[in-house]
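The basis for the numbers below is simple: all heavy atoms, side chains too, and nothing from hydrogens, waters or symmetry mates. Throughout, residue positions are numbered sequentially from 1 according to the sequence presented. Remember, it's a predicted structure, so these values are computed and weren't measured experimentally.
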Amino acid sequence: MKKVYGSAKETLDGVLFDGMLIAAGGFGLCGIPELLIDGIVEAGTKDITVASNNAGVDGFGLGKLLETRQIKKMMSSYVGENAEFMRQYLAGELELEFNPQGTLAERMRAGGAGIPGFYTKTGVGTVIAEGKEVKTWGDQDYILEEGIFADLSIVKAWKADATGNAIFRKTARNFNPPAAMCGKVCILEVEEIVPTGSLNGDHIHLPGIYVHRLIQGEHEKRIEQRTTRAA
């Protein structure tokens with residue numbers, strides 16, 4: 001089965017629709033699928049729900065989809081660094097479902113493993129627990145969190161072979177593997193596509209069985225926060 005496509009537009013063809021749920025990898029600006037995000041902006045898909053740790057920054061990454069008002073709801077852990085994200089949320093223009101970071105990652109992983117829900121102590125006694133089922137084991141309360149089953153996963157890796165076996169570089173792994181696992185369709189963008197069989201099997205972070213389509217492209221590696229000191 002062909003997995004390698006020539007552009008973001010080609011690889012997104014036939015998988016986008018209004019009102020869909022997209023799981024996006026990345027943390028801050030590290031390991032974000034920027035080419036695929038640009039492709040979704042170009043496609044004009046609207047009323048999207050996005051499960052992602054955050055929403056990029058103003059004018060870059062998922063921030064572009066916020067500016068074009070294509071996102072209806074965010075399932076996220078962090079609103080900072082993006083003024084438009086914060087403005088839309090506080091103005092009641094954007095739905096927001098807050099998730100502790102570990103809970104969000106586990107919800108994605110659970111969806112990829114076919115697990116519909118799990119119990120966790122994280123969030124007990126806070127607004128996170130409102131409206132959720134609570135069970136008690138011993139003397140501890142746990143809340144029920146649902147697995148995320150996305151219509152589409154968009155993720156970014158460092159290297160992959162033509163079958164989709166992928167390696168992430170250092171902290172750019174972040175949410176990418178669990179985000180990739182939970183989508184009915186997973187599209188991967190990479191910096192380099194290498195010959196099949198050239199990757200050490202022990203070094204592969206995401207097996208190609210999870211990847212349906214992939215593209216190679218040039219990426220802009222921004223620094224989210226630059227801190228300097230006087231010489």
Side-chain angles (χ1 to χ4, degrees), residues 15-34 36-37 40-41 45-58 60-120 122-124 126-133 143-156 173-187 210:
V15 301
L16 298 176
F17 59 90
D18 293 346
M20 69 188 307
L21 169 57
I22 298 176
F27 187 100
L29 298 182
C30 183
I32 64 172
E34 63 205 68
L36 295 173
I37 292 169
I40 297 170
V41 170
T45 311
K46 59 187 179 181
D47 295 328
I48 302 169
T49 296
V50 178
S52 178
N53 178 68
N54 58 294
V57 295
D58 295 286
F60 191 68
L62 290 171
K64 292 184 177 181
L65 286 169
L66 287 174
E67 290 182 355
T68 56
R69 301 303 185 90
Q70 290 171 255
I71 296 178
K72 176 183 178 181
K73 176 181 178 180
M74 287 295 303
M75 302 166 67
S76 296
S77 298
Y78 182 57
V79 178
E81 308 302 330
N82 190 318
E84 181 60 14
F85 188 2
M86 183 164 48
R87 189 201 67 77
Q88 288 186 23
Y89 169 57
L90 294 176
E93 300 171 5
L94 176 73
E95 295 179 48
L96 176 58
E97 181 182 330
F98 269 122
N99 290 253
Q101 285 182 343
T103 298
L104 182 61
E106 181 62 11
R107 289 184 68 190
M108 291 179 179
R109 191 206 66 81
I115 298 170
F118 59 93
Y119 289 95
T120 175
T122 305
V124 170
T126 74
V127 294
I128 298 297
E130 291 180 2
K132 295 176 181 176
E133 180 184 336
I143 58 175
L144 178 64
E145 294 284 0
E146 297 183 358
I148 292 174
F149 298 85
D151 298 302
L152 172 66
S153 297
I154 54 172
V155 295
K156 178 184 176 182
R173 190 188 315 186
N174 53 62
F175 277 80
N176 277 296
M181 293 169 62
C182 72
K184 296 175 184 176
V185 175
C186 173
I187 302 179
Y210 288 108

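Of all heavy-atom pairs between Val79 and Leu96, the closest is CG2-CD2, 3.7 Å. In plain terms, the two heavy atoms of Ala179 and Gly25 that are nearest each other are CB-N, 3.9 Å. The minimum heavy-atom distance between Ala105 and Pro178, with the atom names listed, is O-CB, 3.7 Å. A pairwise comparison of heavy atoms in Ala129 and Gly123 identifies CB-O, 3.5 Å as the closest pair. Smallest separation of non-hydrogen atoms from Gly114 and Pro116: O-CD, 3.5 Å. The two residues Ser76 and Ser52 make their nearest non-hydrogen contact at OG-O, 2.9 Å.
In terms of the ring pair (Phe, Tyr, Trp, His ring centres under 6.0 Å) criterion, residue partners of Tyr119 (sequence neighbours excluded) are, by chain and number, Trp137. Tyr78 meets the side-chain hydrogen bond (donor to acceptor under 3.5 Å, both in side chains) test with Glu81; sequence neighbours excluded.
To the nearest 0.5 Å, atom CE of residue Met75 and atom CG of residue Leu104 are 7.0 Å apart. We find the CG-CE distance between Asn54 and Met74 to be 7.5 Å, quoted to the nearest 0.5 Å.
Screening residues 101-112 for side-chain hydrogen bond (donor to acceptor under 3.5 Å, both in side chains), with sequence neighbours left out, gives Asn53-Gln101, Glu97-Arg107, Asn99-Arg107, Glu106-Arg109.
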In a table with atom names and distances, give each donor-acceptor pair under 3.5 Å that connects a side chain of residues 26-34 to protein atoms at least two apart or in another chain.
{"from": "Glu34", "atom 1": "OE2", "to": "Glu220", "atom 2": "N", "distance (Å)": "2.7"}

Pairs under 3.5 angstrom only: tabulate donor-acceptor contacts from the side chains of residues 60-69 to other protein residues two or more places apart or in another chain.
{"from": "Lys64", "atom 1": "NZ", "to": "Asp38", "atom 2": "OD1", "distance (Å)": "2.9"}
{"from": "Glu67", "atom 1": "OE2", "to": "Gly59", "atom 2": "N", "distance (Å)": "3.1"}
{"from": "Thr68", "atom 1": "OG1", "to": "Lys64", "atom 2": "O", "distance (Å)": "3.2"}
{"from": "Thr68", "atom 1": "OG1", "to": "Leu65", "atom 2": "O", "distance (Å)": "3.2"}
{"from": "Thr68", "atom 1": "OG1", "to": "Gln70", "atom 2": "OE1", "distance (Å)": "2.6"}
{"from": "Arg69", "atom 1": "NH1", "to": "Glu93", "atom 2": "OE1", "distance (Å)": "3.4"}
{"from": "Arg69", "atom 1": "NH2", "to": "Glu93", "atom 2": "OE1", "distance (Å)": "3.1"}

Atom pairs and distances, donor-acceptor, side-chain atoms in residues 143-152, under 3.5 Å, two or more places apart:
{"from": "Glu145", "atom 1": "OE1", "to": "Lys132", "atom 2": "NZ", "distance (Å)": "3.1"}
{"from": "Glu145", "atom 1": "OE2", "to": "Lys132", "atom 2": "NZ", "distance (Å)": "2.9"}
{"from": "Asp151", "atom 1": "OD2", "to": "Leu21", "atom 2": "N", "distance (Å)": "2.8"}

Requested in this report: Would you check, one step at a time, whether the test side chain to side chain contact (heavy atoms under 4.5 Å, CB included) holds for Ile154 with Ile37?
Outcome: CA-CA 8 Å; Ile154 54 172; Ile37 292 169; 4.0 Å; yes
Report task. Could you check Met181 against Met108 for side chain to side chain contact (heavy atoms under 4.5 Å, CB included), going step by step and ending with a plain yes or no? Result -> CA-CA 7 Å; Met181 293 169 62; Met108 291 179 179; over 6 Å; no
